[in-house]
2 protein chains.
Amino acid sequence: MANFDKITSTKVQKGTIVLHKGDTCNFGYKVVSGCLKSYVIDKSGKEHIVQFAPEDWFISDMDSFFNNKPSNIFIDAIEDTEFLKIGKPSFEDLAKHDSNALKEQNVKMRKSLISLNRRLIGLLSSTAEERYFEFLQTYPNMVQRLPLKLIASYIGITPEYLSEIRRKIEKK
Amino acid sequence: MANFDKITSTKVQKGTIVLHKGDTCNFGYKVVSGCLKSYVIDKSGKEHIVQFAPEDWFISDMDSFFNNKPSNIFIDAIEDTEFLKIGKPSFEDLAKHDSNALKEQNVKMRKSLISLNRRLIGLLSSTAEERYFEFLQTYPNMVQRLPLKLIASYIGITPEYLSEIRRKIEKK
DNA sequence: CTCATTTCTTAAACTACCTTAATTTTTACC
DNA sequence: GGTAAAAATTAAGGTAGTTTAAGAAATGAG
């Protein structure tokens, strides 16, 4: 292992924008406490959440990070959050000289790929209610911490409709 | 480079099932000619296409392959297809001894990540018609080769509705 | 070439989910 | 503790996409 010096710890307040769309993403973020979210904004101005990153999750714009291009996503703090910033130089240096680091990168990407795939399949084949249950499994205990609005955005429906779904579930 | 012996070329006829759901996926498939598709079947028996793999594309069930568990997807030949089977031992040996191979893996996964991300965002924020245009960009020239039915499955709508969309587009 | 099978098209009725808007509840701040 | 702002609920009406079904076109096997 090497280059620990390039990994720094940061604290930000709720609401802070950690990565701006259009900027190059020079870091990977590993959350220590609190929660980050990544999201896109579509043509009609609507926000779509790609990922939540509570404690121990890793979040980044891989495309921007690895290919050095402007990011398509935003990353903000949903709560007061502490995270580790893992800089690109350390990543790349590691990758050049240290094949273990390359392997770690690969493992991380694999995990992202697998979870993205799961989500894709959910969107293709499940109803909104089923996706809500999938969300509950993917992010256990987060229901209590996340506003309904953000959960709705994550599963791809309006807050109004999620509200209706919850009512229906409770009646059972 | 090493372990060429473990990479074998295979030809299969249209309709052949290359990977069965429930079996462990012991290979990555690199298509030389023809086309493969990967898909899931949901509770109601409907097929949802995850990926097409025409010439030069790579296809596999990463989750099954790397984590040694039963696959959730099927992979079949849409056309008579020739592909390279890259076995797990050679993958791992390469990873151990050949850092170029590791890097190649890395690059491949990045590409997959990027395209998966695009698709996810499309499903969250675009209409069926927009997703159809995105499909046309992702798989140029494949419209002519793929039956409408499969394209509809890929973009997440019924064949009937894709038929309607095409009619609407032509009227313009 | 011909019959059978699969694929595609069209259209009408239906449903999951959205939009708008008004009301209530919760959160945040001086 | 009160008031403003944000979040959540509810309900009515609307639309994108589905279902069902029937006919037309294309594909494939003998």
Calculate the interatomic distance between A:Arg166 atom CZ and D:dA7 atom P; express it in whole Å.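 In whole Å, D:dA7 P and A:Arg166 CZ are 14 Å from each other.
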When the C1' atoms of the five terminal pairs at each end define the local axes, what inter-axis angle does the helix from C:dC1-D:dG30 to C:dC30-D:dG1 show, to 10 degrees?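 Terminal axis comparison yields 60°.
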After noting the C-alpha distance and the side-chain angles of A:Tyr139 and A:Arg145, does the key distance pass the side chain to side chain donor-acceptor pair (under 3.5 Å) rule? CA-CA 10 Å; A:Tyr139 295 103; A:Arg145 275 166 66 182; over 6 Å; no
Name all residues meeting the side-chain contact (heavy atoms from CB on, under 4.5 Å) criterion together with [X]; count only those two or more places apart in sequence or in a different chain, and write none if there are none.
{"X": "A:Ser60", "result": "A:Cys25, A:Phe58, A:Phe65"}
{"X": "B:Asp42", "result": "A:Ser125, B:Ser44, B:Lys46, B:His48"}
{"X": "A:Phe133", "result": "A:Glu129, A:Leu136, A:Ile169"}
{"X": "A:Gln137", "result": "none"}

Under the ring-ring contact (aromatic ring centres under 6.0 Å, His included) definition, can you give me all pairs with a residue in residues 68-87 of chain A, not counting sequence neighbours?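 Listed by first then second residue: A:His20-A:Phe74, A:Tyr29-A:Phe83, A:Tyr39-A:Phe74.
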Close approaches to DNA chain D from residues 132-149 of chain B, in residue order (heavy atom, under 4.0 Å):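 Residues of residues 132-149 of chain B under 4.0 Å from DNA chain D: none.
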According to side-chain hydrogen bond (donor to acceptor under 3.5 Å, both in side chains), who are the partners of A:Glu160, at least two apart in sequence or on a separate chain?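 Listed in chain order: nothing, the list is empty.
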Applying side-chain hydrogen bond (donor to acceptor under 3.5 Å, both in side chains), can you list everything that pairs with B:Arg118, at least two apart in sequence or on another chain?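 side-chain hydrogen bond (donor to acceptor under 3.5 Å, both in side chains) check on B:Arg118 returns nothing, list empty.
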To the nearest 0.5 angstrom, please state how far the CG atom of A:Asp23 sits from the CD1 atom of A:Ile75.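 Reported value, rounded in 0.5 Å steps: 11.0 Å.
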With rounding to the nearest 0.5 Å, note down the distance linking CD1 in A:Ile59 to NZ in A:Lys30.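 So the gap between those two atoms works out to 13.5 Å.
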Bounds of contact between DNA chain C and chain A, in 5' to 3' order, using a heavy-atom cut-off under 4.0 Å: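 For DNA chain C, the relevant span reads C:dA16 to C:dA28.
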At under 4.0 Å, does any side-chain N or O of A:Arg167 touch on OP1 or OP2 of D:dT10?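 Indeed, a polar side-chain atom of A:Arg167 lies that close.
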Would you check, one step at a time, whether the test side chain to side chain donor-acceptor pair (under 3.5 Å) holds for B:Arg110 with B:Asn106? CA-CA 6 Å; B:Arg110 257 181 238 172; B:Asn106 214 287; 3.2 Å; yes
Among residues two or more places apart or on two chains, list those pairs meeting side chain to side chain donor-acceptor pair (under 3.5 Å) that have a residue in residues 146-158 of chain A.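 Not a single pair qualifies under side chain to side chain donor-acceptor pair (under 3.5 Å).
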Just one of A:Glu47, A:Gln51, A:Glu79 clears the side-chain hydrogen bond (donor to acceptor under 3.5 Å, both in side chains) bar with A:Lys37, so which one?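 Of all the options given, the one that passes is A:Glu47.
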Report all interatomic pairs (protein N or O, nucleotide N or O of nucleotides 14-20 of chain D) with separations under 3.5 Å.
unit_1	atom_1	unit_2	atom_2	d
D:dG17	OP1	B:Ala128	N	3.2
D:dG17	OP2	B:Tyr161	OH	2.9
D:dT18	OP2	B:Thr158	N	3.1
D:dT18	OP2	B:Thr158	OG1	3.2
D:dT19	OP1	B:Lys46	NZ	3.3

